[in-house]
Student: 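Quick one: the structure is below, questions incoming.
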Amino acid sequence: MATAQQANELKAQGAIEAAQDPNSGISAQAAQNVAVNEAKKAGSIAYQFDPNASVEEKREAARSKIPPGFHHERNPNAAALVSDTDTSAPKYDLPPPAKASAVAEENQIAEKAKGNARELDEDARWARVGWKPRFGMPGSDEEPDETSLLDHQTWLEGKLEEKFYGDWYHNTAVIIFACLSSWVVAVLGGGLGWVFCIMAACGTYYRTSIRRVRRNARDDVMREMAKTRLETDSETLEWINSFLVKFWPIYAPVLCDSIVASVDQVLSTSTPNFLEGLRMKTFVLGTKPPRLEHVKTYPKTEEDVVLMDWKFSFTPNDTMDLTARQLKNKVNPKIVLEIRVGKGVVSKGLDVIVEDMAFSGLMRLKFKLQIPFPHIEKVEMSFLERPTIDYVCKPLGGDTFGFDINFIPGLEGFIQEQIHANIGPMMYAPNVFPIEIAKMLAGTPVDQAIGVLQVTFHGAQGLKNPDKFSGTPDPYATVSINNRAVLARTKTVHENANPRWNETINVIITSLKDSLTVNIFDYNDIRKDKELGTATFSLEQLEEDDEHENLHLEVVSGGRPRGILQADVRFFPVLEGAVVDGVQEPPPESRTGICKFTVEQAKDLDGSKSLIGQLSPYAVLLLNGREIQKSKILKRTNNPIWPDATKELLITDRKKAKLGLVIKDDRDLATDPIIGTYQIGLDDMLELANKGQEWFNLAGVKTGRVKMKAQWKPVALKGAIAGSGGYLTPIGVMRLHFKGARDLKNLEAMGKSDPYARVLLSGIQKARTVTFKNNLNPEWDEVVYVPMHSTREKLTLEVMDEESLGKDRPLGHIELSAADYIKKDDNDEYAIYEEKNMRSESLRLNASKQPKGTLLYTCSFYPIHSVWDPDEDDETESQADSLSRTNSVQANGSNGNNSNHRKTISNAGTISSLRHSQSRDSAADSDTLKQLEQNEAAQEETAGPTKKVEKLRLTPDDLQKYESGLIVFKLLEGEFADTGAYLDIIMDDMAFPSHTTAKIRSRKMNFNEVGDAMVRELDFSKITIRIIEHVDKKGENDEDHVIAKLTGNTLDTLRRCLYQPTQLTLRDNHGRENKITVSCKYLPVKMTLHPSESFNNQGTLRVDVLDAADLPAADRNGYSDPYCKFILHGKEVYKTKTQKKTLHPAWNEFFEVQVRSRTAAEFEVKVYDWDFGDKSDFLGKAAINLNVLEPFQSQEVTLGLDGKSGAIRLKMLFKPDYVVRSRQGSSTFSGTFAVPGKVIGAPVKGVGKGAVLVGGGVIRAGTFLGRGFRRRKSRGERSDDDVQDLPPQQQSQSTEDTPVISIEEPQNDTAASSHKADNGHSRAKSWGAASFASAFAGGPGGSGSGEQGTAHLTIVSANGYPAGTNVRVHVRLDSSKGGKEVYKTKHIKSPSGSVVFDNETCKVPCTADAAFRLIVKDHATFGSDDELGEAQFFVDDQGLGGEKQVNVGSGVVVVRSSFEVRETGRAGSVISKEPKSPNSRKGLLSRGRDRDRESRSVTPA
């Protein structure tokens, strides 16, 4: 039978089917209404929306249907932060950071076993609470004088199992047994006695059976009656009372001891000034446990509420149920409070005794349940009636002469009424006392933190005071969440209705569902500050955009506007580890984040510094020597436990942050002496915390140790606040060689997957390969490098299916643990781990699915040299060299002066203790400094000898000694012509950027972002900085989205930017300047580069197909019609023309092809005989070995064909260059063949002074401003290189004034065979020389000074213009003397705005870097032509050239271009005849000429 829900579903389904029936009269709207109504009847939630409504309107409609109270009200949990960016002078000069004073772990275990014990020994500790934890009551060790109850079970009951009686068939069997037994006795002649025996046995069985039947029936009846009595009757709790009798002797002493420890701290901090101290001497609850009388439950409540009434009593003086021995050993409850009057030695303790307490009452408990852990949101308790309270209080006289004050007439009733009057509003019904269980277990704001909210207050405008007679306001602003507790405040600006605060406040937030509340007050000296208004900002807006700059928030008071608040709001999220197969990965390593610094307690403080042997200590917490928090003062204790010695910190550089502690003794009017100090680096603190070490020995004292903790959460800081940019110096790099994959899973319905491999570190993508389209067995053959920071990290190698729309889908992954590859040698240094053999591992999607596919890879680890960094090591070395405060202050001062380019962030209002510190006089500071100086030596002695790690001190001249390494670049700030773009950095032949910045949101932006990239060969490495419109996630490198680009040698860049901020200039296609300030450092890697990754192993191969001889005859006439095909990695890259009727053809053709790896290249030539209308005949083939080629040296080879006969003669020239990786199948050659990639470093195209244009109107420019003008000449650099002549007016500008980033220009050399000695290897000079010369050097063919030759231009098509346009394309050649029209096409009238030109080709003599201009016009038969647009372009210099799209006006013109170098030499180039300048620049490949490199070859001089 179908249920009600099923019936409703069937009705809804029937209505839908009826609406789908064309013969039915039911409309779709009616069927929809029926479905909704039936769903609601079935208990489901159904909503109806307007299909044309927006997403926001649908969201509001859904929210309006939510019943009230569905979401539990949540109180925000936030905390203000103190940042380490404060550059003010430190108040305290602490000893150098050291972690050697940490207490050993075995000693800490002993400390934990002691708990919160004070200075008492074990006997005294338990004496004050009555007894030690034990089994049984005190005195119960003697023999018991009571006997146990007898077991009344019969022998038969013990022997028979329950299954043998109790049911009807058992009773029937007994009757049958009795009858048969009687008959047997009669037959055998037995007497009446046997019958009685049978009757007795059957009667016993029946009695036992019926008793058990009645017991079961009674249990069932009682259970049913209990359900009905649940709301009217009460349940007894004797079971729990019996448990408490045995558990109380064990737990009561521990409970009392904890209460004493907690109450002592409260009393110590709450002692009035006229008393010396308050202390609880004794706290005993007695040997008789509390008793729960009964409980009453109310089952008919809401689903998430449990309601109960508990009747309890604690009457330790009720002895009616105790035996004589229990009365003898009974311990009465007693509390002794010591009140000490007087001062110091002249003081006396008076005992206040409270004993014989009794308490009973009826309490209602209400449990509010919730779905998230801990599943109980809160507990509300209240007394349904006044509880009964009784006690004996003896304030004077002690036990001997004490007098119970309750004997005073009228006093007892007065005290009782005062107690009820104070407790009643809190927890007498209907008032309730809530206990927030969920909040108590949720932890601190740091535990729940989701990020840091940064609020920058610029100022306010037009603030109005509601009181017209108050005058001009003195405004300040406060920050809170949901208008609750004030977290921070700004400074006060006096008498200004348009204040400018310029302050930044950082706040930890735990949810983005709250609102930021900014209250603005008018400060008053005497009266209460008056609120001027409130501005709010919904944090939900940060979910879509984490930065909101230049906000103008309206200040509202009483519903009326009172001014405008100007502020920036930014959100920096907490970094979380990814979840892989349901397992939470550790968060990524970062140097920026939130730190919670806590000083819990101290022990064994040196009491000899006090006359009475007991101190009144308080703790001062420090960050980088500056006070950030001061705890409460605890009176008369040498083992303080501070409840408030904790502070949340915003750390911008974890490596530099130092946590400090100063413990002082409060002396009232006198100067507070220091009784202990300690300082430790945050990195060391976190490292020790991971090992479980929390106790540290104080410095400068005889005894004393302190328990400190530090919690850390990494945060993705960026911008001016970032400091180090969150960059953590790696310990090495992991080299991952992705060979390929096999049998990957196909996720596509049509075609195959498009796989690529990527590397994830803590869920963040660090590197990836290119995509192989439509391939389940890709052959990537790529090497990527991933920086590693610790052995705890995990790498995930994941294969993804690239999607054009939507997110990429995973095909499987492999997890690698860094600890398996990163090991230390005997010298405690990281060792090299090289893996030679290829690994083959199965890819898995998750633990439940079967693996599908195999990944082929190798993994190796190479450590990094320890390098001296002036930013990080200056301060440490200055402290180590001298222990004097003067030197330390000077070091800090110099460090601050060197960082003036950073913004100082003020945290006004977050350090309340600064006011207290300012009240100290200079004499106290002098004594403090003297004490700290003595403590410095003491902490250094405890640190003991440590092994010193030698660090490399790299100078610009030393960089060339280290071939491979990590370049670390810090992008500081930038000035941009436009906003909305991104800045990225690309290294060498990589298709994907090594680092991409945040979106450029303002014309002048502070980045403070740090990134790194692997440099395989520093001599030949190139670095490219681009400003792009969109983030290139697919590796397409679309030049149309590049706004500006700057390419140069990595070595030159490092020499200029090493450890010093340097400004680079990029110009866009409108000539506007974009300036970027960057600083770099270099971390050498201990590795030897594999030959397959060498720069000389990739580049451009020029093949001259000369001729062939003795080919076999394939036609009847005894000849052949031969042509050649050149195959690279199974793909045709070139096909020659057909030579008719010959066995000795001479082609004399050439082509160029990019080779990713010479050592792995599979290159061959095949010769065919062309046949008309039939398949070509194969004549033979030959493999071409590229390993025999020397770079930049032409080599002629004759290859024998494997056919019947014949040989082919080729001439090849290999030019090393970086070949950019690209997706398989992409083409850079006229669409006739596909070769992955294109060449970086094409000849520079120059127009005008100081600008270099590349490709489709993209400028490549580079200048250095500020520091870095002077060129540092490296050791070993030759001075006899070629230098371009400058015009006379530029002779005064030496090479020191040229831009510091040079762009190398490998040139085509078509005359390599005939002019090998002269033109074997020609290199153009740096970008700077080329661009300066291009402004003045005139020539017949253009403005540049590049190679002379002929440009071949073909106008292919034009499209995107208005319909009916009569399109004509004009080609002009730009030069220093002006433009000259060199060609114009026929005019074609296009109805659709798109035209295709036929054979519109021209040849133009010019230089290689000549600039052309395309002008598209609408041709008019009569009158002048209308110009539709113009654009600049450069010819393609790669062999036969290629097609490119040039945006001209509103349309696009497709141009095919190529450049042919003049065979007779370089008449157009200007070569210096003057003696070589010692400061001349070297070309890209001449830099390593002085070193003997076995694996490379360069052009001889």
Student: Indicate the atoms forming the closest heavy-atom contact of Met685 with Phe597, along with that distance.
Tutor: CE-CE1, 4.3 Å
Student: Quick one: are Leu659 and Leu649 in side-chain contact, heavy atoms under 4.5 Å?
Tutor: yes
Student: For Val254, is there any backbone N or O sitting under 3.5 Å from a side-chain donor or acceptor partner on Ser258?
Tutor: yes
Student: Please walk me through it: do Val507 and Val455 pass side chain to side chain contact (heavy atoms under 4.5 Å, CB included)?
Tutor: CA-CA 8 Å; Val507 177; Val455 184; 5.8 Å; no
Student: Going from CG on Leu292 to CE on Met363, what distance comes out if it is rounded to the nearest 0.5 angstrom?
Tutor: 11.0 Å
Student: Measure from the side-chain N and O atoms of Thr592 to the backbone N and O of Val715, and report whether any donor-acceptor pair falls under 3.5 Å.
Tutor: yes
Student: Using 0.5 Å steps for rounding, measure from the CD atom of Gln629 to the CH2 atom of Trp642.
Tutor: 12.5 Å
Student: Is the Lys NZ or Arg CZ of Arg364 less than 6.0 Å from the centre of Trp310's six-membered ring, within 45° of the axis?
Tutor: no
Student: Considering all heavy atoms of both residues, which atom of Met357 and which atom of Pro333 are nearest to each other, and what is their separation?
Tutor: CE-CB, 3.6 Å
Student: What I'd like to find out is whether the side chain of Leu623 reaches to under 4.5 Å of the side chain of Ile651, using heavy atoms alone.
Tutor: yes
Student: Could you check if a side-chain atom of Met427 sits within less than 4.5 angstrom of a side-chain atom of Met381, using non-hydrogen atoms only?
Tutor: yes
Student: Tell me if a side-chain donor or acceptor on Gln416 pairs with a main-chain N or O of Ile389 at a distance below 3.5 Å.
Tutor: yes
Student: Relative to the ring of His420, is the ring of Tyr428 parallel (under 30°), tilted (30 to 60°) or perpendicular (over 60°)?
Tutor: tilted
Student: Please find the pair of heavy atoms, one from Asn639 and one from Lys603, that lie closest to each other, and give the distance.
Tutor: OD1-CA, 3.3 Å
Student: Evaluate the side-chain proximity of Met708 to Phe696: yes if any heavy-atom separation is below 4.5 Å, no if none is.
Tutor: yes
Student: Mind checking the NZ-CG spacing from Lys246 to Asn241? Nearest 0.5 Å is all I need.
Tutor: 13.5 Å
Student: Between the side chain of Asp546 and the main-chain N/O of Leu542, is any donor-acceptor distance below 3.5 Å?
Tutor: no
Student: Do we see a donor-acceptor contact under 3.5 Å between the side chains of Thr598 and Thr646?
Tutor: yes
Student: Please tell me whether Tyr391 and Phe359 form a close aromatic pair, meaning their ring centres lie under 6.0 Å apart.
Tutor: no
Student: Answer yes if the side chains of Ser631 and Asp644 hold a donor-acceptor pair under 3.5 Å, and no otherwise.
Tutor: no
Student: Is there a donor-acceptor contact under 3.5 Å linking the side chains of Thr315 and Ser313?
Tutor: no
Student: In Å and rounded to the nearest 0.5 Å, what is the CG to SG distance from Leu285 to Cys256?
Tutor: 3.5 Å
Student: Give me the atom names and distance for the closest heavy-atom approach of Gly286 to Trp248.
Tutor: O-NE1, 2.8 Å
Student: Is there a side chain to side chain contact (heavy atoms under 4.5 Å, CB included) between Tyr298 and Lys366 once you walk through the steps?
Tutor: CA-CA 10 Å; Tyr298 299 91; Lys366 182 179 179 181; over 6 Å; no
Student: With a 3.5 Å distance limit and no angle check, can you tell me whether Asn482 reaches the backbone of Ser515 through a side-chain donor-acceptor pair?
Tutor: yes
Student: Dump the intermediate steps for salt bridge (Lys or Arg N to Asp or Glu O under 4.0 Å) on Glu543 and Lys513, then the final yes or no.
Tutor: CA-CA 10 Å; Glu543 295 179 352; Lys513 303 301 181 184; 3.5 Å; yes
Student: Given 3.5 Å as the limit, does a donor-acceptor pair link the side chain of Thr297 with the main chain of Pro299, or not?
Tutor: no
Student: Could you tell me which non-hydrogen atom of Gly451 sits nearest to which non-hydrogen atom of Val574, and how far apart they are?
Tutor: N-CG2, 3.4 Å
Student: Could you pull out the closest heavy-atom pair between Thr637 and Pro640, with the gap in Å?
Tutor: OG1-N, 3.9 Å
Student: Measure from the side-chain N and O atoms of Lys713 to the backbone N and O of Ala449, and report whether any donor-acceptor pair falls under 3.5 Å.
Tutor: yes
Student: Any side-chain heavy atom of Ser480 within less than 4.5 Å of one from Thr517?
Tutor: yes
Student: Less than 4.5 Å apart, any side-chain heavy atom of Met308 and any of Lys296?
Tutor: no
Student: I'd like to know if the side chain of Thr301 reaches the main chain of Leu307, judged simply by a donor and an acceptor atom lying under 3.5 Å from each other, with no hydrogens or angles considered.
Tutor: no
Student: If you measure from CG on Asn519 to OG1 on Thr478, what distance do you get to the nearest 0.5 Å?
Tutor: 4.5 Å
Student: Would Lys368 and Glu302 count as a salt bridge (Lys or Arg N to Asp or Glu O under 4.0 Å) if you check the C-alpha gap in whole Å, the side-chain angles of each, and the deciding distance to 0.1 Å?
Tutor: CA-CA 10 Å; Lys368 183 71 171 178; Glu302 292 84 355; over 6 Å; no
Student: For the backbone of Gly424 and the side chain of Asn431, can you confirm whether one donor and one acceptor N or O come within less than 3.5 Å of each other?
Tutor: yes
Student: After noting the C-alpha distance and the side-chain angles of Glu338 and Met280, does the key distance pass the side chain to side chain contact (heavy atoms under 4.5 Å, CB included) rule?
Tutor: CA-CA 6 Å; Glu338 182 189 59; Met280 182 173 286; over 6 Å; no
Student: Take atom NZ in Lys311; do more than 12 heavy atoms of anything else shown fall under 6.0 Å from it?
Tutor: yes
Student: Report yes if the side chains of Ile335 and Thr282 come closer than 4.5 Å at any heavy-atom pair, otherwise no.
Tutor: no
Student: So is Lys630 actually on top of Tyr618's ring, under 6.0 Å and inside 45° of the axis?
Tutor: yes
Student: Would you please test Leu384 and Asp309 for side chain to side chain contact (heavy atoms under 4.5 Å, CB included) and show each step?
Tutor: CA-CA 9 Å; Leu384 298 180; Asp309 292 342; 3.7 Å; yes
Student: When rounded to the nearest 0.5 angstrom, what is the spacing between SG in Cys393 and CD1 in Ile415?
Tutor: 7.0 Å
Student: Answer whether the closest heavy-atom distance between the side chains of Ile450 and Leu512 falls below 4.5 Å.
Tutor: yes
